[in-house]
Amino acid sequence: MKRGLVAVCVTLAIAAGTIAAASAADWPAKPVRIVSPFAPGGTSDTLGRLLAEQLTDKFGQSFFVENRGGAGGLIGSAAVASAEPDGSTFLISSIGTHVTSPATSPNPAYDPLRLFTHIAYLGGPPNVIVAHPSLGVKTFKELLAAAKTGTAVNYISPGPGTIGHLVPELLAHKENLKFAHVAYKGAGQAMTDLVAGHVKMGSVTWSSAISQIRAGTVMPLAVSSARPMPEFPDVPTMKVLGYPDLVATTWFGFSGPAGVPRDIVARLNWEIVAALGTPAMRQRLEAEGIETEKMSADEFTGFVAGEIARWTPVAKSVADSSSTR
């Protein structure tokens, strides 16, 4: 009797495994949505569309980007966290959506580790502080002087809790500066208003600002990369300026809701790593100042956990100090 029951259970387990394998082999059977949790025009949007094009070609099924901006990336991320883990919905995750925004939000609506399947590391650009010509500063030193006198210098960022928000707030705390944060749902509209002179300073990703830097419509004052940017080697790094703790990358990844089948995770990781390594893709990313690194899904999950440990205390401290300034 017991042997018969065991045999039935084994048979059912084998059948279930066969069905799961067949399901993974047939995936994707319908269009796949990639949520970019920021407004169009930013790095998240750019990476999502580049990747969607590559994956569409590889799998022969449509991968498309849906922009769901707001609350520093929390709104779009929460939507993915609550989606079915059937391989039809994914997210361009980031240090903002999975580290700093949850740390500074009173109700982020999701656990950045428990409610997600982290699949692949995409890479990211450093942050850059840029000034509109009407601010009248051409160097980082001049910016510090301007922000210590008169009215507060208003600055844009892609949203609360992003690296673009935290870097100026840390500077304000360290140097007793007068900064006023003007948050946006993404870098695209933020840069539009900066170029128009509605705000005087920006703290955004290098890739979001590079076209305007090249055009000379904004002045780069400092960059958060560990090394100078090859195209603009004269722009000082935060490390050179005496702020080694502000060396940071606004990294991005590819994640899904918790419970995405391991077969699909493995296939996606393999194809994404391969796509990022092609000469054409590397050239495109390097032009945007985006550095990539090969990681397995498990390595990327560990990386996210490490970034949470590093930045959560900083983000909470900045949120507390900026609210009392």
Side-chain angles (χ1 to χ4, degrees), residues 16 19-20 23-24 26-40 42-45 47-49 51-52 55-56 59 61-122 124 158-162 183-186 250-269 272 297-298 300-305 307-308 311-312 315-316 319:
I19 292 170
S23 176
D26 293 340
W27 176 88
K30 60 181 179 179
V32 177
R33 177 177 59 145
I34 301 174
V35 175
S36 172
F38 298 99
T43 307
S44 174
D45 183 56
L47 281 171
R49 294 182 189 282
L51 203 56
L55 295 177
T56 295
F59 288 101
Q61 180 62 267
S62 175
F63 284 72
F64 66 95
V65 173
E66 176 185 302
N67 295 98
R68 295 194 64 175
L74 295 177
I75 293 175
S77 299
V80 174
S82 62
E84 289 295 323
D86 58 0
S88 64
T89 302
F90 295 98
L91 174 76
I92 301 298
S93 52
S94 68
I95 188 171
T97 62
H98 279 67
V99 182
T100 55
S101 286
T104 55
S105 171
N107 183 26
Y110 57 83
D111 183 301
L113 286 177
R114 186 175 60 84
L115 293 184
F116 288 88
T117 301
H118 295 299
I119 298 166
Y121 178 81
L122 303 181
T162 61
Y184 285 76
K185 292 183 179 181
T250 300
W251 57 261
F252 295 85
F254 195 85
S255 305
V260 176
R262 293 296 298 177
D263 310 50
I264 294 176
V265 171
R267 289 185 67 193
L268 273 171
N269 179 271
I272 289 171
D298 289 341
F300 179 43
T301 301
F303 172 82
V304 174
E307 288 287 275
I308 290 172
W311 284 104
T312 294
K316 289 183 178 295

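Keep in mind that this is a model prediction, so the values were computed, not measured.
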Ion pair present between Arg49 and Asp45, side-chain N to carboxylate O less than 4.0 angstrom?
yes

Heavy-atom donor-acceptor pair, Ser82 side chain to Ala78 backbone, under 3.5 Å:
yes

Residue set satisfying side-chain contact (heavy atoms from CB on, under 4.5 Å) with Ile75, at least two apart, ordered chain then number -> Ala71

If you define the side chain from C-beta out and look only at heavy atoms, does anything of Ile272 sit under 4.5 Å from Leu122?
yes

Any idea which heavy atoms bring Pro37 and Thr97 closest together, and the distance?
CG-CG2, 3.6 Å

Are side-chain N/O atoms of Ser62 and Thr56 paired as donor and acceptor at under 3.5 Å?
no

ring-ring contact (aromatic ring centres under 6.0 Å, His included) pairs, two or more places apart, involving residues 74-103:
Phe90-Phe254, His98-Tyr110, His98-Phe116, His98-His118

Evaluate the side-chain proximity of Ser36 to Arg68: yes if any heavy-atom separation is below 4.5 Å, no if none is.
no

Donor-acceptor contact present, side-chain Thr117 to main-chain Gly259, <3.5 Å
yes

Evaluate Asp298 against Arg262 for salt bridge (Lys or Arg N to Asp or Glu O under 4.0 Å), listing each step before the verdict.
CA-CA 11 Å; Asp298 289 341; Arg262 293 296 298 177; 3.7 Å; yes

For Thr104 and Ala315, the nearest pair of non-hydrogen atoms, with its separation, is CG2-O, 3.4 Å

Closest heavy-atom contact between Thr301 and Leu113?
O-CD2, 4.2 Å

Would you kindly say whether Trp251 and Glu307 are connected by a side-chain donor-acceptor distance under 3.5 Å?
yes

